[in-house]
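Read through the structure below, which is laid out as structure tokens, and then see the notes.
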Amino acid sequence: MDRIIIEGGRRLSGTVTISGSKNAALPILASSILTDGVCTYTNVPDLRDIKSIVELLRHLGAKVDCQGSTVRVDASSVSVHEAPYEIVRKMRASILVLCPLVARLGRARVSLPGGCAIGERPIDFHLKGLQALGATISMEHGYVNASARKLKGGDIYFDVPSVTGTENLLMAAALADGVTRIGNAACEPEVVALADVLNLMGAKITGAGTPEIVVHGVKSLEPVSVSIIPDRIEAGTFMVAAALTGGDITIENVEPGHLKGQIDKLAQTGAIIEATGNTVRVKGPGIIKSVDVKTLPYPGFPTDMQAQFMVLMSVASGLSMITETIFENRFIHVSELKRMGADITISGNSAMVAGVPSLSGAPVMASDLRASASLVLAGLVAEGTTEVNRVYHLDRGYEKMEEKFRQLGASICRVSQPKS
Ligand code: EPU
């Protein structure tokens, strides 16, 4: 298993280019199943999760060609309706093929994704929504079976906004007979990106980006050529790195409109942020001010940035309260940060972070994707050497992270452990 070794304490400066968004690319790649031809996607990040969805699409019968950041999916020969456990267990977002398969083949059998390190993560909203569109659902042997000769428009309301739930049901509704209304829908930019792609394919979706989405079903969808939107979480991670190291980083290929919640919080810490066109420049403050953070659905502060922001607060000048409202177990990074000298006390879904003058490098264990990113950030600012183990989590969602940090002046390298 690979490890990342970091010698901390270097101020980061220079320019970094952000890759395409993982969480936009996944549903968009899955939406190819709704078409009968070749879809071409550019700016697709080279990540483990993308490899997993490609493996799944190939398993379903699609022909997928990956050349650098361009991925072509020919779904005309999709004929397999089962997403097996061996693939779904590697990536929960495999559930995103459920609705496209039912819309395309009239049935789907998808392994239940189960929980993960950050929480239980049920898929009941996806299933209830699909039922509201006329599908019959049953569970057996750890699989969900869904079938519908023809999906029909219906009314769906989420108890809380679900990102992949909204995406899955948009794909079902796009080819359903009649009108579907999704209430309390997720407003994340990745949902809008998928709706834009579906509309380009010929779907009739209005209201994406608001809590009320209306879909007028159409008979068929056409293949498209599109570029994937920039990854707002990767961008946010580099923004925090600039603030954390007192650095000066110009972050290119971003959509500043998607970063408002993060820019606002970071500005409150004293960082100077300039957004122009598709670029954001972040200059770190001399003294980092402590601020409170509460994760919320978009446009609130993203849960996917909570761990990284906690590292910044760990070396800030006072007390910060970080409250996680999306996932019930998303503080797994805390015990590792404490081993590096952070002063953090968890109470329920809040963490009280008392800033310390410095962190000290240590061997640490990555537990999930964003927790891993936070440990790398902690290593960048810590005194001495940090060794981040189990970095395969990082490879699920960050493209060439250590290379990008090295270009900004970090002392960071990957060590591949020979398999014993
Ligand atoms: N929820 C339910 N039932 C459902 C679906 C969701 O109770 O059927 C609950 C969840 O347990 C959670 C809340 O609703 O409390 C919101 O979860 P959501 O469904 O929005 O999460 P998701 O769609 O599974 C996506 C991202 C996550 C990101 C969350 C929140 C993808 C592939 N994943 O997950 O990304 O944290 O939205 O923004 O888009 C990551 O990239 O590291 C990551 C975990």
Side-chain angles (χ1 to χ4, degrees), residues 19-31 45 47-50 52-53 56 88 90-99 110 112-132 137 144 156-171 182 184-194 211 228-229 231-237 258 261-262 295-308 323-330 332-333 349 366-374 392-399 401:
S19 301
S21 158
K22 163 178 88 75
N23 289 349
L26 292 171
I28 289 172
L29 285 164
S31 75
L47 302 169
R48 276 170 70 112
D49 275 10
I50 298 297
S52 297
I53 195 91
L56 181 52
V88 178
K90 292 186 206 163
M91 184 188 65
R92 310 188 74 263
S94 304
I95 192 66
L96 284 165
V97 301
L98 175 71
C99 287
V110 178
L112 286 162
C116 75
I118 62 176
E120 199 191 333
R121 305 188 72 181
I123 56 155
D124 53 324
F125 301 164
H126 303 235
L127 304 184
K128 263 192 248 160
L130 194 51
Q131 247 166 348
I137 310 265
V144 48
I156 296 163
Y157 188 88
F158 289 115
D159 292 346
V160 295
S162 163
V163 175
T164 50
T166 305
E167 292 163 349
N168 229 341
L169 292 161
L170 274 181
M171 293 189 275
I182 307 179
N184 203 18
C187 302
E188 270 69 2
E190 295 77 17
V191 172
V192 179
L194 172 66
I228 302 296
I229 61 168
D231 196 308
R232 66 193 166 99
I233 304 301
E234 189 197 12
T237 303
H258 297 166
Q262 302 186 54
T295 65
L296 287 169
Y298 190 84
F301 189 89
T303 173
D304 290 344
M305 280 301 299
Q306 180 256 106
Q308 300 90 315
T323 307
E324 171 61 50
T325 75
I326 309 292
F327 293 114
E328 67 271 21
N329 193 30
R330 215 172 194 181
I332 358 171
H333 43 283
N349 69 341
S367 52
D368 77 272
L369 170 53
R370 307 303 170 187
S372 316
S374 78
Y392 61 87
H393 288 293
L394 206 62
D395 298 335
R396 285 190 39 222
Y398 287 91
E399 189 177 46
M401 191 196 228

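Order of appearance sets the numbers: ligands from 1, and atoms from 1 within every ligand.
- The protein atom (non-hydrogen) at minimum distance from atom 1 (N) of ligand 1 is F125 CE1, 3.6 Å.
- Shortest contact from atom 30 (C) of ligand 1 to any protein heavy atom: T303 CG2, 3.8 Å.
- Short contacts between ligand 1 and H126, defined as distances under 4.0 Å to a heavy atom of the residue, involve ligand atoms 8 (O).
- Taking F301 as the reference, F309 meet the ring-ring contact (aromatic ring centres under 6.0 Å, His included) condition, with sequence neighbours excluded.
- Residue N329 holds its CG atom at 11.5 Å from CZ of R121, rounded to the nearest 0.5 Å.
- No N or O atom of F327 sits closer than 3.5 Å to an N or O atom of ligand 1.
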Set out, in order, the CA-CA distance, both residues' side-chain angles and the distance that settles side chain to side chain contact (heavy atoms under 4.5 Å, CB included) for S31 and L194, then state yes or no. CA-CA 8 Å; S31 75; L194 172 66; 3.9 Å; yes
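- Neither the backbone nor the side chain of M305 comes within 4.0 Å of ligand 1, counting heavy atoms alone.
- Closest to atom 5 (C) of ligand 1, if we only count protein heavy atoms, is P122 O, 3.3 Å.
- In this structure, K22 does not pair ionically with E234, as no charged nitrogen and carboxylate oxygen lie closer than 4.0 Å.
- From I233, atom CD1 reaches atom CG of L369 across 9.5 Å, with rounding to the nearest 0.5 Å.
- Between R92 and D49, none of the side-chain N atoms (NZ, or NE/NH1/NH2) sits under 4.0 Å from a carboxylate O, so this pair counts as no salt bridge.
- Of all atoms in ligand 1, numbered sequentially from 1 with element shown, those under 4.0 Å from a heavy atom of R330 are 36 (O), 42 (O), 44 (C).
- Considering N23, D159, L296 only, the shortest heavy-atom separation from atom 32 (C) of ligand 1 involves N23.
- Screening T295, N349, D304 against R330 for a side-chain hydrogen bond (donor to acceptor under 3.5 Å, both in side chains) leaves a single residue, D304.
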Given side chain to side chain contact (heavy atoms under 4.5 Å, CB included), test M171 with L96 step by step and report yes or no. CA-CA 9 Å; M171 293 189 275; L96 284 165; 4.1 Å; yes
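- Contact annotation: for E328 versus ligand 1, there are no heavy atoms closer than 4.0 Å.
- Contacts with ligand 1 closer than 4.0 Å are made by side-chain heavy atoms of D304 only, the backbone lying farther away.
- Note that NZ of K128 is 12.0 Å distant from CD1 of I123, once rounded to the nearest 0.5 Å.
- At a 3.5 angstrom cut-off on N or O pairs, T164 counts as close to ligand 1.
- For ligand 1, the atoms closer than 4.0 angstrom to any heavy atom of L369 are 42 (O).
- Numbered from 1 in the order shown, with element, the atoms of ligand 1 that lie under 4.0 Å from a heavy atom of I326 read 12 (C), 15 (O), 16 (C).
- Rounded to the nearest 0.5 Å, atoms CD1 (I182) and CG (L169) are 5.5 Å apart.
- Atoms of ligand 1 lying under 4.0 Å from any heavy atom of A93, numbered from 1 in the order shown and given with element: 32 (C).
- Taking all heavy atoms of T166, V163, D124 into account, the minimum distance to atom 20 (O) of ligand 1 is reached by V163.
- Within ligand 1, the atoms closer than 4.0 Å to a non-hydrogen atom of K22 are 40 (C), 41 (O), numbered from 1 in the order shown.
- Every N/O-N/O distance between L26 and ligand 1 stays at or above 3.5 Å.
- Counting only non-hydrogen atoms, the option in R121, M91, R370 that gets closest to atom 34 (O) of ligand 1 is R121.
- Looking only at heavy atoms of the protein, atom 19 (O) of ligand 1 is closest to S162 OG, 2.6 Å.
- The part of V160 lying near ligand 1 is the side chain, judged by heavy-atom distances below 4.0 Å.
- With sequence neighbours left out, P161 forms a side-chain contact (heavy atoms from CB on, under 4.5 Å) with N184, A186, P297.
- Distances between N or O atoms of E167 and those of ligand 1 include no value under 3.5 Å.
- Taking CD1 of I95 as the reference point, atom NE2 of H126 lies at 6.5 Å (rounded to 0.5 Å).
- Using the six-membered ring where Trp is involved, H258 and Y298 have ring planes that are perpendicular, over 60° apart on the 30 and 60° scheme.
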